[in-house]
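Structure first, commentary second.
If you're wondering where the values come from, they're calculated on a predicted model, not measured in any experiment. Counting convention: from 1, in listed order, for ligands and their atoms alike. Worth knowing before you read on, the calculation uses all heavy atoms, side chains too, and leaves out hydrogens, waters and symmetry mates. The first residue of the sequence shown is numbered 1, and numbering continues consecutively from there.
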Amino acid sequence: MQSLLVANRGEIACRIIRTARRCGLRTIAVYSDVDVNAQHVLQADTAVCIGEAAASSSYLNIERIIAAARDTGADAIHPGYGFLSENPNFVDACEAAGIIFVGPDSQAMRAMGLKDAAKRLMQEAGVPVVPGYHGESQEPALLRSEAQAIGYPVLIKARAGGGGKGMRRVNTAEEFDAALAAAQRESSASFGDSHVLIEKYVAAPRHIEVQVFGDSHGNVVHLFERDCSLQRRHQKVIEEAPAPGMSDAVRSAMTDAAVRAARAIDYRGAGTIEFIVDGSQGLQTDGFWFMEMNTRLQVEHPVTEAITGVDLVEWQLKVAAGEPLPMAQSELQISGHAVEARLYAENPATGFLPAVGTLHRFRPTTTGRVDSGVREGDTVLPYYDPLLAKLISHADDRLAAFGQLAQQLADTVVLGTITNREFLWKLVSHPQVRGGQFDTSFIDTELAALLVSDEQIALLAVAAVELAAPWIGVSGDRSRGVAQRLGAWQLWGAAQRRIRLQTDEGIQTAELQALDADGALRGWQVRFPEMAEFPTGGVTVQPLDKARVSVDGRNGSIHGCRQDDRLCLQWGAVSTEFRVPEAGATAATGPVSDAIVSPMPGRVVAVNCVPGDQVRAGQALIVVEAMKMEQELSCERDGRVETISVRADDQIAQGQELLRLVAEDEGA
Ligand code: ADP
Ligand code: ADP
Ligand code: MG
């Protein structure tokens, strides 16, 4: 094997290229036309455009990828994760073209591809599986009675599902029908298959998975476990290895079951056996059940690499070339503790809605490992997964690893798009997370505490001061750091200023009072008199040195940039964006809107009302799909629907008005 085509994009394509180059392979990237300047394209030796932005025309297009491999003389194809990585037809197409597929054979992939069949197979192999209904019939009445027999709460799951999509927890019989319809709809849209299974919802669930590896010589080893219980929307957010509270007895029971599962399908390559674990009584040898097998490299594989010292991509390449596994089970050992955080362009405050935008500043931490697929200046596109980077720390023990990760998150600067950075920072700093006391419901339960609160106030104050800067003769040179410019202030103008700032809540007026000593500006007292949550006495903002600002005595590094009317700021662990309101815009806390406006580009899945309907605030009126996720949109107030401007299947733009209520006074 001398050359490798990577059929993926983003961080995982870059990560695979890194190892392939180290192993002396010529690397070939494929890309869609919007990705022409993407990192994976720039890092590969050769790159081939395979089509348009929509994944179905490019990264999911088997014929074009095979043609690109043929044209460039690729010996092998690595699929990464997502996209075609678990598509057995792609494996067959590679084989037919005489190209090595870096992964299992299509038979093993088919056996594990559908969750229902996989569970039946595992049951036969003596691996414990979650109790539930895995049958063929999809009659709603039958499914409802199966759910009743299993006992609520239950989980409806798409058999073809992945990435937490097509999954609904149902707590009572009344909720069942609506949840079933939603799971089926999401599954058809994402996977082209509406078939579901039903599982008992395990109490205090923890997600613990085992990394396995097989070769074509009959060897199978495991590389221990990862705990991925910190999740939002059934998707992993933080992953660590080893699992907190794991005993030798439970580890050997779980890893034995995982190896048995891999052997049952003569598995070759890297794979993961995912277990759902009852965490209510601590980990028990009889308290874990097979959920599914992922027949590919996993997003969170770096934590396993950190604790074992193995490069899993290198092993994949060796195994694909027909070599035996480089190490025997007895040679594999756990060293220290590793934890990974997934840095996404998304907004935790709006139910983790994916975000887009240009990365005006992107400076990841220089500590620990960073797997990233973007660079400063790149744009986060609405077509693909908005994962920006994975930050990985590795230390002697768990607490040190979490401490290091918190530092890495605080050091990382991202301006220009909304990210989950501060949410992650709060999460890995939370005492219960530090103590290893959590299950998969932790993020949902603790969400309020994990969202930005008082730090946001501090940022508002810094933003006000930053906006006031030009009025008092501060350098307009935006390439200099904010604090640097603040430090250079001279008290020229009036000691008091009023400036206006547009926040999520509307346009706010700030009152600034200069604090001087010996005729030099020492800082500002900032108040937002119209904002209820802002301290009435105001807060003080003082530049400390080139890069740091103190807000009410709390010091943090400050980064900022101004793009047109947008002001992007990061102070310590928090970051946000403000707008400079147009002249003449009225200061107000923003009236309740009469309209539903699309939060991002996407497609309308369903419209649940007609003009004339009386609707309530918060009622799901329109369902849209954006970035492979369904979102329910509702109005901010009760009222009667006047116009609906879209129909199911319409493509919609960000900011487009979708629905309007009869104006308040007319409707009354
Ligand atoms: P893992 O199972 O590897 O721990 P997830 O389940 O959260 O991680 O994410 C992997 C799944 O999410 C993929 O199988 C795919 O459905 C989706 N996914 C993640 N990243 C991408 C991507 N870059 N492109 C397409 N799909 C992706
Ligand atoms: P996907 O293919 O989307 O990754 P999984 O079957 O692996 O689907 O489940 C994803 C997540 O959903 C799990 O990590 C876990 O948090 C939750 N989950 C799945 N099955 C159960 C269950 N039976 N009880 C409780 N939680 C579950
Ligand atoms: Mg899974």
TODO: May I have the step-by-step check of side-chain hydrogen bond (donor to acceptor under 3.5 Å, both in side chains) for N294 and E274, ending in yes or no?
DONE: CA-CA 8 Å; N294 292 325; E274 295 190 333; 3.0 Å; yes
- [ ] State which residue, out of K165, R185, R159, fulfils the salt bridge (charged side-chain N to carboxylate O under 4.0 Å, His left out) condition with D193.
- [x] R159
Task: Metal-centred angle, the Mg ion (ligand 3) as apex - OE1 of E274, OE2 of E292, 10° resolution - done: 90°
- [ ] State whether the shortest distance between N or O atoms of P205 and N or O atoms of ligand 2 falls below 3.5 angstrom.
- [x] no
Task: Closest to atom 12 (O) of ligand 2 among R206, R159, H207, H234 (heavy-atom distance) - done: H234
Open item on the list: Does the plane of the ring in H337 sit parallel, tilted or perpendicular to the ring in F402? Use 30° and 60° as the thresholds.
Closed with: tilted
- [ ] Tell me which part of K200 gets within contact of ligand 2: side chain, backbone, both or neither, using heavy atoms under 4.0 Å.
- [x] backbone
Open item on the list: With no hydrogens and no angle check, just 3.5 Å: does a side-chain donor-acceptor pair link S58 and R9?
Closed with: no
TODO: Look only at interatomic distance and state if Y201 has a nitrogen or oxygen under 3.5 Å from any nitrogen or oxygen of ligand 2.
DONE: no
Open item on the list: Residue-level breakdown please: for V130 versus ligand 2, do any non-hydrogen atoms fall below 4.0 Å on the side chain, on the backbone, on both, or on neither?
Closed with: side chain
- [ ] Would you check whether G164 has a nitrogen or oxygen atom less than 3.5 angstrom from a nitrogen or oxygen atom of ligand 2?
- [x] yes
Task: Side chain R268, main chain G103, donor-acceptor under 3.5 Å - done: yes
Task: Ligand-residue contact atoms, ligand 2 with G161, heavy atoms, under 4.0 Å - done: 2 (O)
TODO: Would you mind running through ligand 2 and noting each atom that sits below 4.0 Å from a heavy atom of L155?
DONE: 18 (N), 19 (C), 20 (N), 21 (C), 22 (C), 27 (C)
- [ ] Could you tell me if the ring centre of Y81 sits under 6.0 Å from that of H301?
- [x] no
Task: Test item, K115 contacting ligand 2 (heavy atom, 4.0 angstrom) - done: yes
Task: Closest candidate by heavy atom, reference atom 6 (O) of ligand 2, pool K157, M167, M291, E86 - done: K157
- [ ] For Q231, counting its heavy atoms only, list the atoms of ligand 2 lying under 4.0 Å from any of them.
- [x] 11 (C), 13 (C), 14 (O), 15 (C), 16 (O)
TODO: Before giving the answer on salt bridge (Lys or Arg N to Asp or Glu O under 4.0 Å), spell out for E340 and R226 the whole-Å C-alpha distance, their side-chain angles and the decisive distance to 0.1 Å.
DONE: CA-CA 11 Å; E340 170 185 285; R226 296 182 285 257; over 6 Å; no
- [ ] Please check if any side-chain donor atom of Y383 sits under 3.5 Å from a side-chain acceptor atom of S32, or the reverse.
- [x] no
TODO: Evaluate the side-chain proximity of F423 to F352: yes if any heavy-atom separation is below 4.5 Å, no if none is.
DONE: yes
Task: Interfacing atoms of ligand 2 (cut-off 4.0 Å, heavy-atom, E292) - done: 1 (P), 2 (O), 4 (O), 5 (P), 7 (O), 8 (O)
